[in-house]
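One structure is given below, encoded as structure tokens.
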Amino acid sequence: MAPYDGDLTELFTDAFFARAHHADRPSPASPYLGLRRLQSRLHGRQPLLADHTRLRSVLELSAVVDPRLFFVMFLHHCMAIGAALDFGAPPEDVDDLASGRWIGAALMNEIGHGNSSSAIRTQAVFDPTAREFVLHTPTPEATKRPANVGLDGFARLAVVSARLWVGGADRGTALFLVPLRDEDGPCEDVTIEPLAPTPLLPMDYAKVWFDRVRVPYRRWLSDGASIADDGSFHDPLDGPDARTRRSVGMSRFAWGAVTAGLAATARASAAIALTHARHRRTNDRLAGDISALAHLNQQRLLFGAAADALAATAVARRATAASWHIPPGGGAGADPSPADMRTLALSKVTVAVLADTAVSRCRTAGGALGFFPEHRLIDYQALTGAFQSAGGDNRLILLDTAWTMVTGTDYQPPDKGPGPSGWLCLFRARERLLHTELTSALRTDDQGGTVRFESWNARTELAQRLAEAHATRITAESLRDVWRAPEVPDTARPLLRDLYRLHCLGQTAPHTGWYLAHGLLGTQQVLALPERINELCRRLVPHAQALTELLEIPAELLRSQ
């Protein structure tokens, strides 16, 4: 059967995805049934990762229609299939995942160290006689949690991270393809204990542990490593730490998906709330019967949300290619450079923060619209809230970013020379000065030696501000490039330029005291910022419909009345 080549939006207008308007909890099975329904209609057995633009569109639309469906889709198509392709899974396993016979999962996190994938305790001990791996959970702290694999009736194949032991030596964290359950229940020696349902983003979360599960050699995602018949171990990477970093690097498949999905929910929230505000009538004590959008407070919330949603989208779409790139044949050299990995991780943080802020603004502006699930805003907020920690804890990513910026060799702060004017000049100066302050403080603390935990721990708030300033600057650059792109229609360019300015004003306002103290803004400039925001909002009001169309959310998928 030929692959589906129609409008992808049409797939999601299927009555199957129309949420019933009743008080019952959504069916735990519906996201998995939705994944299989989409797979059957898309046709073909080629992984969606083979076409980045198509996969991104499918993920964006699934996030708009049902965040739970998006959650299942990104784990299956990106985390499971992405790792399988990148680390060299057998073709038959990739085919079974791509066809939907197995639904993929990723078991990385453990109770003992949360989402720190570099401290994995689950063990995979090589048995040279059987040429198999014995997968075992040695302590309660090594239990995998949370994993959405608690539902009966679906065959699940998971990418599982475990500490590899060969010949009595620790070889670092490796990845394995492990069947967790078939249609009848958990596989032999696999224990799956469902967790209590969550009120937001309800999935079939569970704890999973292994009691000496036998994993065939072919299901070791060896990534170019091997174990000879005589038991000798060979790895193209330089030792266990490098192997662990490579395995943890599979997070990039998540970052590409998460940024796409969260940016889409931000755009959908703004489209829903703007449409609602345009049609909603209010009885103002001074103006009488007027639309909600005539109120300046609504304008500030909703146009600010639209600006942040478009900024999130600009960052997300820059992340797609690097996040999902798999060189022919995969292999240990497949990961992006350390600098690119830093940018991808920071993109996840940036988009999660912008999307969460945008959805929150829309819920605030919408009143009851933001509370009841039929409009989806509360579901979007659940998704943006989940990814403050899922896919890598945002605060820890910021600190790690700052660490590489002050101790690594692959970062140079913006210089003082001629460069972008206006907002970018301001953001570049903040990043440069914060970098100088943090670097100087650490050098003073340690007197030129190795940075100690005590000195770094005392400077983490400054480190976070540096990483956030770096993110602010590269986000503004991404959004500027959107409105300046030659393919942008002349009718849309002024709107995009005003939204860029509105986003930059929103990023500047929380730090006016800092800019004032460093002489980068004057008193009158600071005092004028609120009115500059108001002026932009008033200018955008007549173009609210055109602005909504710029968000590129199909009208047939929105619920805004």
Side-chain angles (χ1 to χ4, degrees), residues 47 49-50 76 78-98 102 104-108 110 117-137 142 144 156-180 187 190 210 212-254 324-336 341:
L49 263 173
H76 176 76
C78 299
M79 291 297 282
I81 294 180
L85 288 169
D86 196 26
F87 285 74
E92 58 269 28
D93 285 332
V94 175
D95 289 345
D96 283 345
L97 282 166
W102 290 97
L107 271 60
M108 306 294 289
E110 296 179 353
S117 297
S118 61
I120 293 299
R121 303 183 187 191
T122 301
Q123 296 178 355
V125 180
F126 181 65
D127 177 351
T129 302
R131 288 194 63 76
E132 295 177 334
F133 299 91
V134 180
L135 187 66
H136 186 62
T137 304
K144 298 290 186 180
R156 308 300 303 274
L157 185 63
V159 177
V160 177
S161 62
R163 186 70 57 180
L164 175 61
W165 289 85
V166 179
D170 179 358
R171 307 296 184 174
T173 299
L175 305 178
F176 299 84
L177 276 180
V178 183
L180 299 181
C187 296
V190 177
F210 307 99
R212 305 190 184 283
V213 174
R214 290 278 172 170
V215 179
Y217 185 90
R218 70 180 183 84
R219 280 189 163 156
W220 169 32
L221 298 181
S222 60
D223 189 42
S226 62
I227 305 172
D229 290 342
D230 63 3
S232 58
F233 179 77
H234 305 276
D235 193 339
L237 298 182
D238 186 21
D241 289 345
R243 173 51 58 191
T244 296
R245 288 193 297 273
R246 165 70 173 150
S247 296
V248 172
M250 70 173 282
S251 296
R252 67 187 175 91
F253 291 103
W324 295 341
H325 176 62
I326 302 175
D335 280 349
M341 288 291 282

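For reference, positions follow the sequence shown, starting with 1.
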> Which pair of heavy atoms, one from I81 and one from L49, lies closest together, and at what distance?
Replying inline: C-CD1, 4.3 Å

>> For a 4.5 angstrom cut-off between non-hydrogen side-chain atoms, does P179 reach R219?
In response: yes

> What closest approach, in Å, do R156 and G104 show between heavy atoms, and which atom pair accounts for it?
Replying inline: NH2-O, 3.2 Å

>> My understanding is that only residues two or more places apart in sequence, or in another chain, count here; which of them pass salt bridge (Lys or Arg N to Asp or Glu O under 4.0 Å) with D229?
In response: R131

>> Suppose we screen for salt bridge (Lys or Arg N to Asp or Glu O under 4.0 Å). Which residues come up paired with R212, at least two apart in sequence or across chains?
In response: none

>> Test side chain to side chain contact (heavy atoms under 4.5 Å, CB included) on F87 and V159; report intermediate values, then the result.
In response: CA-CA 11 Å; F87 285 74; V159 177; over 6 Å; no

>> Under a 3.5 Å distance rule, please check whether R243 uses its side chain to pair with a backbone N or O of G172 as donor and acceptor.
In response: no

> D241: what forms a salt bridge (Lys or Arg N to Asp or Glu O under 4.0 Å) with it, not counting sequence neighbours?
Replying inline: none

> Within a strict 4.5 Å, meaning less than it, do heavy atoms of the W165 and D170 side chains meet?
Replying inline: yes

> Where does the angle between the aromatic ring planes of F133 and F126 fall among parallel (under 30°), tilted (30 to 60°) and perpendicular (over 60°)?
Replying inline: tilted

> Looking only at heavy atoms, which two atoms of F253 and G82 are closest? And how far apart?
Replying inline: CZ-O, 3.5 Å

> Looking only at heavy atoms, what is the nearest atom pair of K144 and M108, with distance?
Replying inline: NZ-O, 3.2 Å

> Which heavy atom in A162 sits nearest to a heavy atom in L135, and how many Å separate them?
Replying inline: CB-CD1, 3.7 Å

> Do E110 side-chain atoms and T122 backbone N/O form a donor-acceptor pair below 3.5 Å?
Replying inline: yes

> If every non-hydrogen atom of V94 is compared with every non-hydrogen atom of A84, which pair is closest and at what distance?
Replying inline: CG2-CB, 4.2 Å

> Given V215 and V160, is the side chain to side chain contact (heavy atoms under 4.5 Å, CB included) satisfied, shown in steps?
Replying inline: CA-CA 11 Å; V215 179; V160 177; over 6 Å; no

>> Please evaluate residues F176 and V213 with respect to the criterion side chain to side chain contact (heavy atoms under 4.5 Å, CB included), reporting the C-alpha separation (whole Å), side-chain torsions for both, the decisive distance (0.1 Å), and the verdict.
In response: CA-CA 12 Å; F176 299 84; V213 174; over 6 Å; no

> Stepwise, does the side chain to side chain contact (heavy atoms under 4.5 Å, CB included) test hold for Y217 with D127?
Replying inline: CA-CA 10 Å; Y217 185 90; D127 177 351; over 6 Å; no

> Is the side chain of T173 donor-acceptor paired with the backbone N or O of S247 at a distance under 3.5 Å, no angle test?
Replying inline: no

>> Check R246 with D235, please: is the shortest side-chain N to carboxylate O separation under 4.0 Å?
In response: no

